[in-house]
K.L.:
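Got a structure for you, written out below as structure tokens; questions coming shortly.
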2 protein chains.
Amino acid sequence: MAGRPRSFDRDTALAAAIEQFWRTGYEETTIAMLTRAMGVTPPSLYAAFGDKDRLFEEASTLYFRRTCEAVDRAVARPTVHEAIAAMLDDTARAHTDATTPLGCLMLTEPRLAAQREVLHGRLSDRISRGVREGDLPDTVQPDTLASFLVAVMRGMSGCAKDGGSTEEVLAIAGAAVAALPQTPHQAQV
Amino acid sequence: MAGRPRSFDRDTALAAAIEQFWRTGYEETTIAMLTRAMGVTPPSLYAAFGDKDRLFEEASTLYFRRTCEAVDRAVARPTVHEAIAAMLDDTARAHTDATTPLGCLMLTEPRLAAQREVLHGRLSDRISRGVREGDLPDTVQPDTLASFLVAVMRGMSGCAKDGGSTEEVLAIAGAAVAALPQTPHQAQV
DNA sequence: CTCTTTCTGTAGCGATCACTATGAATTACG
DNA sequence: CGTAATTCATAGTGATCGCTACAGAAAGAG
């Protein structure tokens with residue numbers, strides 16, 4: 001059951017597909033764009049990845065996994081304030097990174113609401129822990145603060161897509177961090 | 001130089017076009033969708049509005065004018081905090097209004113960055129006035145706070161488009177309002 | 001070598017894209 | 001009325017959409 005071997009690297013092609021979807025979104029990305037970006041003809045694309053929907057599914061899932069890793073790394077900081085500051089700082093830099101498309105696929109693509117829901121849950125969990133540990137006043141509603149943070153990151157992504165500089169997106173992140181509720185014992189800087 | 005009169009109301013058709021672009025964005029909106037929504041055949045559409053680009057231009061400009069009026073009304077409040085709170089509250093309700101499409105065309109559509117820039121400028125001006133009048137500490141950078149507010153509103157629009165409830169979007173607005181810098185003489189509630 | 005299997009590029013499928021040629025229909029003017 | 005002007009609906013245009021039939025090419029198995 002052997003046959004002619006594939007003439008391209010599947011992972012490399014998938015990475016190119018991620019970039020293309022990232023740049024132009026699901027709907028505006030055509031198969032022609034993908035085949036050009038991936039260096040593959042249509043039949044090879046369909047044989048290796050199924051159809052456009054399944055390719056997007058695979059691409060966005062891999063993108064999501066990487067994003068989650070980055071979020072987890074930031075969120076592992078000892079205090080909530082450090083965690084959120086690190087996450088927003090990373091986010092601002094990633095959204096304006098010159099080596100990748102602008103903004104964030106997960107935050108931008110309409111059909112990835114489920115991924116955003118997962119992100120929201122992770123943030124909510126981290127915030128809950130912060131409240132338990134006294135980093136935040138217990139008047140804070142983790143769900144609400146998590147929604148706020150997702151909204152801010154989405155706004156940062158949009159700003160980056162509009163051509164906003166790293167400094168401008170970082171400033172948005174900074175404003176959000178400065179906005180976090182402080183516990184009474186913390187100094188207001 | 002008379003001729004057969006137009007059998008549809010141009011303003012009504014334009015309103016329908018606004019709704020359609022609002023719901024599905026420029027790129028994903030097809031002429032077929034527009035003709036159906038507007039109750040007009042393609043030749044009539046092209047005769048009355050030019051091509052798809054010019055129709056979108058006209059539709060988005062009218063949408064923008066209305067949005068600006070709402071923003072101006074909110075921003076006219078005596079203090080910056082009231083102004084921003086009113087604007088974000090209105091925004092949250094508008095984004096989840098059941099009688100209109102979800103979210104905000106101006107904040108969502110990639111090609112309307114120029115309109116967002118104008119909104120940013122208005123907010124920046126209002127914030128500058130607030131700093132001059134002592135509503136905000138003079139450490140506040142109007143540009144940055146305006147960018148932050150635009151980002152939050154964009155995030156609210158995205159949340160609404162994802163199906164978020166009025167309460168959830170209002171909560172984001174509330175979190176942003178609570179985040180506004182206070183002058184020393186103001187009580188921290 | 002042949003046979004089977006799998007991948008390759010070419011070329012094209014029907015559907016839909018934005019857009020329009022055409023001629024009948026409907027008005028005002030004389 | 002007749003004529004000019006304008007809009008109307010029908011029925012398409014070529015281009016591109018996602019996707020695939022087909023036949024040749026490249027591998028292992030015998």
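These numbers come from a predicted model, not from an experiment. Letters A, B, ... are given to chains in the order of the sequence lines, protein chains preceding strands, and every chain is numbered from 1.
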K.L.:
Can you tell me which nucleotide in dC17(D), dT8(C), dC19(C) comes closest to the side chain of Ala32(A)?
P.N.:
dC17(D)

K.L.:
Determine the contact category for Thr30(B): base if any of its heavy atoms lies under 4.0 Å from a base atom, sugar-phosphate if only primed atoms, P, OP1 or OP2 are that close, otherwise nothing.
P.N.:
sugar-phosphate

K.L.:
OP1 or OP2 of dT8(C) versus the side-chain N and O atoms of Ser44(A): is any pair under 4.0 Å?
P.N.:
yes

K.L.:
Rounding to an integer number of Å, can you tell me how far Leu34(B) CG sits from dC19(C) P?
P.N.:
11 Å

K.L.:
Under a 3.5 Å distance rule, please check whether Asp97(B) uses its side chain to pair with a backbone N or O of Thr99(B) as donor and acceptor.
P.N.:
yes

K.L.:
Going by distance alone, is a donor N or O of one side chain under 3.5 Å from an acceptor N or O of the other, for Thr79(B) and Glu82(B)?
P.N.:
yes

K.L.:
Using the side-chain heavy atoms of Asp51(B), tell me which of these nucleotides is nearest: dT8(C), dC19(C), dA21(C).
P.N.:
dC19(C)

K.L.:
When we call it a touch if two heavy atoms are under 4.0 Å apart, what does Thr35(A) touch: a base, just sugar-phosphate, or nothing?
P.N.:
nothing

K.L.:
Assuming nearest nucleotide by heavy-atom distance, tell me which of Glu27(B) and Arg4(A) is located more 5' along DNA chain C.
P.N.:
Arg4(A)

K.L.:
How are the rings of Phe56(A) and Tyr26(A) set to each other: parallel, tilted or perpendicular (split at 30° and 60°)?
P.N.:
perpendicular

K.L.:
Phosphate oxygens OP1/OP2 of dT8(C): is one of them under 4.0 Å from a side-chain N or O of Ser7(A)?
P.N.:
yes

K.L.:
Mind checking Pro5(A) for me? I need base, sugar-phosphate or nothing, with any heavy atom below 4.0 Å counting as a touch.
P.N.:
sugar-phosphate

K.L.:
Looking only at side-chain atoms of Ile31(A), point me to the closest of dT7(D), dA21(C), dG18(D).
P.N.:
dG18(D)

K.L.:
In this structure, which one of Leu107(A), Leu102(A), Thr108(A) forms a side-chain contact (heavy atoms from CB on, under 4.5 Å) with His95(A)?
P.N.:
Leu107(A)

K.L.:
In whole angstrom, what separates Arg10(B)'s CZ from dT6(D)'s C1'?
P.N.:
15 Å

K.L.:
May I have the distance from Arg36(B) (atom CZ) to dA9(D) (atom P), rounded to whole angstrom?
P.N.:
16 Å

K.L.:
For the pair made of CG in Leu55(A) and C1' in dG18(D), what is the distance, rounded to whole Å?
P.N.:
13 Å

K.L.:
Once you round it to whole Å, what is the distance between C1' of dC19(C) and CZ of Phe56(B)?
P.N.:
19 Å

K.L.:
Between the side chain of Trp22(B) and the main-chain N/O of Met106(B), is any donor-acceptor distance below 3.5 Å?
P.N.:
no

K.L.:
Could you state the CG-P distance from Asp9(B) to dT7(D), rounded to the nearest angstrom?
P.N.:
15 Å

K.L.:
In whole angstrom, give the distance that lies between atom CZ of Arg6(B) and atom P of dA28(C).
P.N.:
15 Å

K.L.:
Tell me: CG of Asp53(B) to P of dC17(C), nearest whole Å?
P.N.:
17 Å

K.L.:
Of the candidate nucleotides dT10(C), dC19(C), dC8(D), which contains the atom at the shortest distance from the side chain of Pro43(A)?
P.N.:
dT10(C)

K.L.:
Nearest to the Tyr46(B) side chain among dT8(C), dC8(D), dT20(C), which nucleotide is it?
P.N.:
dT20(C)

